[in-house]
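Here is the structure we will look at.
Quick caveat, the model's predicted, so the values are computed rather than measured. Chain letters run A, B, ... following the sequence lines, proteins first and then strands; every chain starts at 1.
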Number of protein chains: 2
Amino acid sequence: MGIVIAVDAMGGDKAPAEIVKGAALAAKDKRYQIVLVGDEEKIRAELDRYQGGPNLTIVSAPEVIDMHEAPAAALRRKRRCSMAVAAGLVRDGKAGGFVSAGNSGACMASAAVYLGMLPGVERPAIAAVLPTRQGSCILLDGGAVVDCSPEMLLQFAIMGNAYAAALFGKTNPKVGILSIGEEEMKGNNLTKASAALLRSAPSINFIGNIEGTSLYQGEADVVVCDGFVGNVFLKASEGLAELIVWSLRQSLKRSLVTKFGALCLRPAWRSLKRLSDYAEYGGAPLLGVGGVCIIAHGRSNALALANAIRAAGDAATADLVGGIRNGLEESGLVKPCKAKAV
Amino acid sequence: MGIVIAVDAMGGDKAPAEIVKGAALAAKDKRYQIVLVGDEEKIRAELDRYQGGPNLTIVSAPEVIDMHEAPAAALRRKRRCSMAVAAGLVRDGKAGGFVSAGNSGACMASAAVYLGMLPGVERPAIAAVLPTRQGSCILLDGGAVVDCSPEMLLQFAIMGNAYAAALFGKTNPKVGILSIGEEEMKGNNLTKASAALLRSAPSINFIGNIEGTSLYQGEADVVVCDGFVGNVFLKASEGLAELIVWSLRQSLKRSLVTKFGALCLRPAWRSLKRLSDYAEYGGAPLLGVGGVCIIAHGRSNALALANAIRAAGDAATADLVGGIRNGLEESGLVKPCKAKAV
């Protein structure tokens, strides 16, 4: 049977062409059973270009939410939109996870409405995986919740902890709070109040404040912050990486010698591109909802989408949602299920 | 006579050795008259290594504020510390500006206490200059004020505006607010309230929200934000640039071919280093105080310090403080001096 992943074929700047192409790419791995959700005719037209196997199927959804629509209102109006139908497949147990590169606000709303929130979680968080000298670091929230309370940052820490354990095999991950100095007194009201809360959480290996420089040096496995700050961090990094690639490209153009140098340096260049290229990362999971949801970049090309599908497959295989549920129970933030049934 | 710049010789991780070396480097330009402030004996011992000319002098200051001392308390206790004496030279008209790589909180406090705040400014802001595809962008506040009001962001915009005009010759600079989406509704309470204020300020060419990606593409000349967010932005950029340089260096080590490639690519490599290297930028001016104050990075080496001295010289020559004062008056935030005298 394999791992079933529902893909919102209509979401993203390059949908449905690049989305379908990405799905076809991912479907070469026969462990995946990919369900493309959206306008059947358009999807089939794209699918005809690739050698689709029996592990690529279509589920029809007549409506699409546009990139610029107000999320909640659009979702109320368009109950049969592609991302809602994809989320519904996960809710009904017909898919192990869903992926969308569409309107990210509407995607989060779809996940919250159709999959529900896990007990103990007030708001979901986008978990971004950043490269570091030691491997990787999970930063959350990457932009789901703009104004956060200290309690939310504690929930993010517990969810990030479970993600690091389930997907990266880290035991006792080091958890920090993104701030502007390592000393405890440095930071704003939110970071100071959150530090007190995280320090007293028994299931968290809290290492204190972390700055961006230390994050990229690999000093923490999980870093929490509010969604405004997290999104600023991600866009600063993305923008600078793009600038560096652009600027190197400009100076490489200058002479034959540098062109020759560039040829010799291909492997190094590729590793820089990989650092800067969101396509390699393939989308961030939305943590805190009752199923696997991967939010892909609106600009996703086929490669990025194929990676997002793999990310969804990995999360489903590792039972990420179960891991987070356990983490929340162990932390004492929620009563275990048995108690609930009484 | 030249431009007199007072340098806190005792401030910084590598003080006084690198500070004195940097001052000697800057003093090769005979337009500068550099006053080294601190422990006379130690400064002279370092100065003996270089061919110091008549444009390098010493002013004694018996006390030093440590990097880890609480700024305000330390400044109250050590009235004769090197940065306070340096700031005092500016207040007394004996220097056109001062530079310190020491405890940055104490440096800001020294500037505020000894130079005073400009009328109409509640709190000072650190203005960082970032490279972009179009040239440069001024980001403020880079970390002086953690929790800001919309009124402060308006003051930052007016000060950044004057800085862009005075130092970069920009007419009608494009001013944006750092946020997490270009649309007006995207952002947090602070960005939304500030946008309303900036839009109605007649002297500001307000272009709306700016994301980190657009900032590095060069879409704005001045970008304002609170000091927490600004500092997160700067440290994310610094950390990623360091990671990229490190990672390229790792992959360059791998084979003879890549080593040869690296040799051909020297100019490109240098341009990347320049992008990532704070030493090239040489410190950020503190805007809003009644004199020129340049806050250099604690890790400053001689080159960084020489650049910080030049930055102070440029600010003094361009009458940055006068420009900001005018900007504040024109904006209507303060009454012109004449009115004040009545």
Side-chain angles (χ1 to χ4, degrees), chain A residues 68 70 131-133 143 146-147 178-181 183 185-189 191 211-217 225-229 231-244 246-248 250-252 254-255 257-269 271-272 275-276, chain B residues 68 70 131-133 143 146-147 178-181 183 185-189 191 211-217 225-229 231-244 246-248 250-252 254-255 257-268 270-272 275-276:
Chain A
H68 299 290
T132 75
R133 290 196 197 186
V146 162
D147 289 301
L178 188 64
S179 191
I180 60 169
E183 304 89 338
M185 65 194 185
K186 294 268 177 82
N188 59 17
N189 293 335
T191 63
E211 292 183 285
T213 38
S214 317
L215 185 156
Y216 278 117
Q217 281 162 14
C225 58
D226 71 56
F228 185 87
V229 167
N231 198 270
V232 164
F233 190 101
L234 295 177
K235 300 256 174 74
S237 301
E238 190 182 341
L240 180 62
E242 284 173 1
L243 176 70
I244 290 175
W246 174 86
S247 140
L248 275 181
Q250 294 299 103
S251 52
L252 293 184
R254 273 176 213 147
S255 78
V257 179
T258 56
K259 269 187 190 152
F260 183 68
L263 210 67
C264 299
L265 271 180
R266 275 249 177 111
W269 178 255
S271 76
L272 170 59
L275 274 177
S276 77
Chain B
H68 298 288
T132 75
R133 290 195 197 185
V146 162
D147 289 300
L178 187 63
S179 191
I180 60 169
E183 304 90 337
M185 66 196 185
K186 294 269 178 81
N188 58 17
N189 293 336
T191 64
E211 293 183 284
T213 38
S214 318
L215 185 156
Y216 278 116
Q217 281 161 14
C225 58
D226 71 57
F228 184 87
V229 167
N231 198 269
V232 164
F233 190 101
L234 296 176
K235 299 255 174 75
S237 301
E238 189 182 342
L240 180 63
E242 284 173 0
L243 176 69
I244 290 175
W246 174 85
S247 140
L248 276 180
Q250 295 298 104
S251 51
L252 293 185
R254 273 178 212 144
S255 78
V257 179
T258 56
K259 270 186 189 153
F260 183 68
L263 210 67
C264 299
L265 272 181
R266 275 246 179 114
R270 267 201 296 265
S271 76
L272 169 60
L275 273 177
S276 76

Legend entry - CG on B:Leu243 to OG1 on A:Thr213, rounded to 0.5 Å: 12.0 Å

Legend entry - Pairwise distance CD(B:Gln217) to CH2(A:Trp246) - rounded to 0.5 angstrom: 10.5 Å

Inset, instruction - Sort out for me which of A:Asn231, A:Ile180, A:Asp226, A:Val146 touches chain B most, counting heavy-atom pairs under 4.5 Å. - result: A:Ile180

Inset, instruction - Pick one of side chain, backbone, both or neither for B:Asp147, based on which atoms fall under 4.5 Å of a heavy atom in chain A. - result: side chain

Legend entry - Test item: A:Glu242 and B:Tyr216 side chains (from C-beta on) under 4.5 Å apart, heavy atoms: no

Inset, instruction - Mind checking the CD1-CD1 spacing from A:Ile244 to B:Ile244? Nearest 0.5 Å is all I need. - result: 4.0 Å

Inset, instruction - With B:Phe228 as reference, evaluate A:Asn189, A:Val232, A:Leu178, A:Thr191 under the side-chain contact (heavy atoms from CB on, under 4.5 Å) test and give the passing residue. - result: A:Thr191

Legend entry - Interatomic spacing from CD in B:Glu183 to NE2 in A:His68 - rounded to 0.5 Å: 7.0 Å

Inset, instruction - Among A:Ala70, A:Gly212, A:Cys225, A:Gly227, single out the residue with the greatest number of heavy-atom pairs under 4.5 Å to chain B. - result: A:Gly212

Inset, instruction - Answer with side chain, backbone, both or neither: which region of B:Ser179 has an atom nearer than 4.5 Å to a non-hydrogen atom of chain A? - result: both

